[in-house]
Student: 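A single structure is presented below for examination.
Chain naming here is simple, since letters A, B, ... match the order of the sequence lines and numbering starts at 1 in each.
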Number of protein chains: 2
Amino acid sequence: MPERKPRKDAARNREAVLAAADALFARRESPEDVTMADIAAAAGVGKGTLFRAFDDRAGLLLALYQKRLEPVRYAVEAGPPPLGPATPPRERVSALLDAVLCFKLDNRRLALALEEGGSGSPYRTEHYERLQRLLRSMLEQIPGLTDGEFAAHALLAATRADLVELLAGHEGVPRERLRAQLADYVARVVDAPAPGEPAA
Amino acid sequence: MPERKPRKDAARNREAVLAAADALFARRESPEDVTMADIAAAAGVGKGTLFRAFDDRAGLLLALYQKRLEPVRYAVEAGPPPLGPATPPRERVSALLDAVLCFKLDNRRLALALEEGGSGSPYRTEHYERLQRLLRSMLEQIPGLTDGEFAAHALLAATRADLVELLAGHEGVPRERLRAQLADYVARVVDAPAPGEPAA
DNA sequence: TACGATACGGACCCAGGGTCCGCTTTGCAA
DNA sequence: TTGCAAAGCGGACCCTGGGTCCGTATCGTA
């Protein structure tokens with residue numbers, strides 16, 4: 001095992017930083033005015049500590065995101081229907097996208113911070129790739145859907161953090177309405193006839 | 001008229017900056033390593049000049065983008081079918097999204113720079129709002145499509161610059177294939193039956 | 001040609017991410 | 001218990017890059 005267990009003060013500080021960052025992102029308007037120094041100060045820790053634990057800003061954001069995501073991920077990988085693996089593809093696609101949307105609604109600032117500030121593209125990240133692959137494999141089990149690869153990307157794009165922020169935040173669309181809109185949209189994509197044979 | 005005509009050296013410099021920036025964004029791998037100082041140097045101009053002409057980085061990016069967009073915009077607002085206003089809604093939706101995709105393919109780095117680095121959300125920009133409104137109004141003329149507002153956002157999200165960059169750039173999907181994928185996807189959304197009445 | 005208005009340019013400023021290194025804490029072992 | 005590496009700490013420090021300032025040069029009009 002190449003991993004050695006960290007010293008307990010290190011572990012405690014790591015948690016403190018995570019908690020402080022979480023609180024700050026929830027409190028402040030825009031993620032970009034939460035500075036690394038702020039987080040360090042709020043956690044009662046030096047900047048060095050913070051960078052040693054998470055490498056860089058993107059690393060911290062990612063760690064926070066993954067921590068928040070853990071329960072959802074578990075529900076998807078091993079939970080009961082409609083999110084869990086025992087669900088038929090059609091319903092699971094809807095449930096999955098709804099879960100993603102809800103997650104972003106519940107973690108707006110954080111998701112925003114990660115998708116803008118994260119090192120380069122939000123697409124080159126472990127959890128996006130996993131999610132996209134899962135969605136893709138489910139789409140490909142639905143008869144009549146030709147290109148699961150692209151469709152998975154496109155559907156996920158409809159839940160991008162900044163779009164959610166625009167609709168839920170700036171335009172004040174209520175949560176349930178947004179969920180209904182996404183559900184309708186997903187239904188259109190998933191239940192559509194094969195392209196090349198328009199309904200008309 | 002509140003606008004006074006600029007001095008001719010100012011106009012010349014403005015063009016030089018635009019050209020230099022354009023070249024730099026096309027040449028360099030990532031937009032974030034094109035610095036303002038680089039642009040100024042490449043244009044043979046001082047930094048002050050550059051900021052006087054465009055206010056800030058976002059302003060320069062926006063000016064460049066709009067300049068590139070001008071012909072497309074014209075084709076949409078006053079050109080012949082299938083992009084122009086005389087086109088029936090169903091075809092025009094496809095044509096519009098294809099045009100957006102092609103534009104982003106032809107201006108990858110620039111679009112990327114604008115969508116990431118632009119002042120805050122890429123959604124709070126004049127041209128996005130115009131585009132989204134137009135798409136929305138066309139979608140609402142298509143029978144059976146309930147929520148044009150959300151669908152317009154969601155469809156445009158499928159052409160986000162970083163997604164295009166991932167697929168066309170990093171994964172090497174050829175241009176025509178990507179266009180076909182998007183066309184299929186759009187067809188699914190637009191030609192789908194009303195939600196609540198699945199095709200099965 | 002003279003002179004006000006406009007523009008130039010690069011030295012300068014500053015915030016914020018990331019590093020460094022002398023000091024402290026931890027925890028194993030004698 | 002105490003000794004002593006190794007691991008961790010923290011905040012002064014560095015550097016990049018966006019944005020500003022102001023003395024100087026240019027424009028264009030009378």
Side-chain angles (χ1 to χ4, degrees), chain A residues 1-21 24-25 28-64 109-110 112-114 116-120, chain B residues 1-21 24-25 28-64 109-110 112-114 116-120:
Chain A
M1 53 175 76
E3 292 292 315
R4 289 215 300 288
K5 70 167 59 174
R7 245 165 60 170
K8 85 173 172 218
D9 54 349
R12 181 169 34 76
N13 279 332
R14 184 186 171 89
E15 289 311 306
V17 168
L18 243 23
L24 281 181
F25 279 116
R28 296 263 225 278
E29 261 314 304
S30 168
E32 69 220 16
D33 51 45
V34 174
T35 158
M36 293 287 114
D38 287 345
I39 297 174
V45 137
K47 278 178 66 177
T49 299
L50 185 155
F51 280 96
R52 195 168 331 95
F54 300 100
D55 291 349
D56 54 15
R57 182 172 234 260
L60 170 53
L61 258 6
L62 208 62
L64 244 183
R109 312 278 161 64
L110 179 56
L112 213 47
L114 194 66
E116 331 195 299
S119 56
Chain B
M1 53 175 76
E3 293 292 314
R4 289 214 300 287
K5 71 166 61 172
R7 242 166 62 172
K8 84 174 172 217
D9 53 348
R12 180 167 35 75
N13 279 333
R14 184 185 172 90
E15 290 312 306
V17 168
L18 244 22
L24 280 181
F25 280 116
R28 296 264 227 276
E29 261 314 305
S30 169
E32 69 219 17
D33 51 45
V34 175
T35 159
M36 295 308 250
D38 287 345
I39 297 174
V45 137
K47 277 177 67 177
T49 300
L50 183 154
F51 281 95
R52 197 170 325 98
F54 300 100
D55 291 348
D56 54 15
R57 182 173 233 260
L60 170 54
L61 257 7
L62 207 63
L64 244 184
R109 311 277 162 65
L110 179 55
L112 213 47
L114 194 65
E116 332 196 300
S119 56

Student: Sort and list the pairs that fulfil side-chain hydrogen bond (donor to acceptor under 3.5 Å, both in side chains) and have at least one residue in residues 9-20 of chain A, not counting sequence neighbours.
Tutor: A:R7-A:D9, A:E15-A:K67
Student: B:M36 CE to C:dC14 P: how many Å, rounded?
Tutor: 20 Å
Student: Nearest whole angstrom, please: distance from the C1' of D:dG18 to the CD of A:E32.
Tutor: 14 Å
Student: Taking only residues two or more places apart in sequence or in another chain, which ones pass side chain to side chain contact (heavy atoms under 4.5 Å, CB included) with B:A11?
Tutor: none
Student: Could I get the full list of side chain to side chain contact (heavy atoms under 4.5 Å, CB included) partners for A:A58, not counting sequence neighbours?
Tutor: A:D56, A:S119
Student: Supply the atom-to-atom distance A:R57 CZ to A:L114 CG, rounded to the nearest 0.5 angstrom.
Tutor: 10.5 Å
Student: Rounding to an integer number of Å, can you tell me how far B:L50 CG sits from D:dG19 C1'?
Tutor: 11 Å
Student: Return no unless some side-chain N or O of B:T35 is found under 4.0 Å from OP1 or OP2 of D:dG18.
Tutor: yes
Student: Roughly how far, to the nearest 0.5 Å, is the CG atom of B:L64 from the CG atom of B:L24?
Tutor: 10.0 Å
Student: Side chain to side chain donor-acceptor pair (under 3.5 Å) with A:D38: which residues, sequence neighbours excluded?
Tutor: A:R28
Student: At what distance, to the nearest 0.5 angstrom, does CE of B:M36 lie from CG of B:L50?
Tutor: 5.0 Å
Student: Can you pull out how bent the helix from C:dT1-D:dA30 to C:dA30-D:dT1 is, comparing the axes over its first five and last five pairs, to 10°?
Tutor: 0°
Student: Quick check for you: to the nearest 0.5 Å, what is the distance between A:F25 atom CZ and A:L61 atom CG?
Tutor: 5.0 Å
Student: Could you tell me the separation between the CZ atom of A:F54 and the C1' atom of D:dG8, rounded to a whole number of Å?
Tutor: 14 Å
Student: Give me, pair by pair, the N or O atoms of the protein and of nucleotides 8-11 of chain C that are less than 3.5 Å apart, along with how far apart they are.
Tutor:
{"residue": "C:dC8", "atom": "OP1", "partner": "B:N13", "partner atom": "ND2", "Å": "2.3"}
{"residue": "C:dC8", "atom": "OP2", "partner": "B:R52", "partner atom": "NH1", "Å": "2.7"}
{"residue": "C:dG9", "atom": "OP2", "partner": "B:G46", "partner atom": "N", "Å": "3.2"}
{"residue": "C:dG9", "atom": "OP2", "partner": "B:T49", "partner atom": "OG1", "Å": "3.2"}
{"residue": "C:dG9", "atom": "O6", "partner": "B:R52", "partner atom": "NH2", "Å": "3.4"}
{"residue": "C:dG10", "atom": "O6", "partner": "B:G48", "partner atom": "N", "Å": "3.3"}

Student: Rounded off to whole Å, could you give me the CZ-to-P distance for the A:F51 and C:dG16 pair?
Tutor: 12 Å
Student: Taking for each residue the nucleotide of DNA chain D with the nearest heavy atom, is it B:D56 or B:K8 whose nucleotide lies nearer the 5' end?
Tutor: B:D56
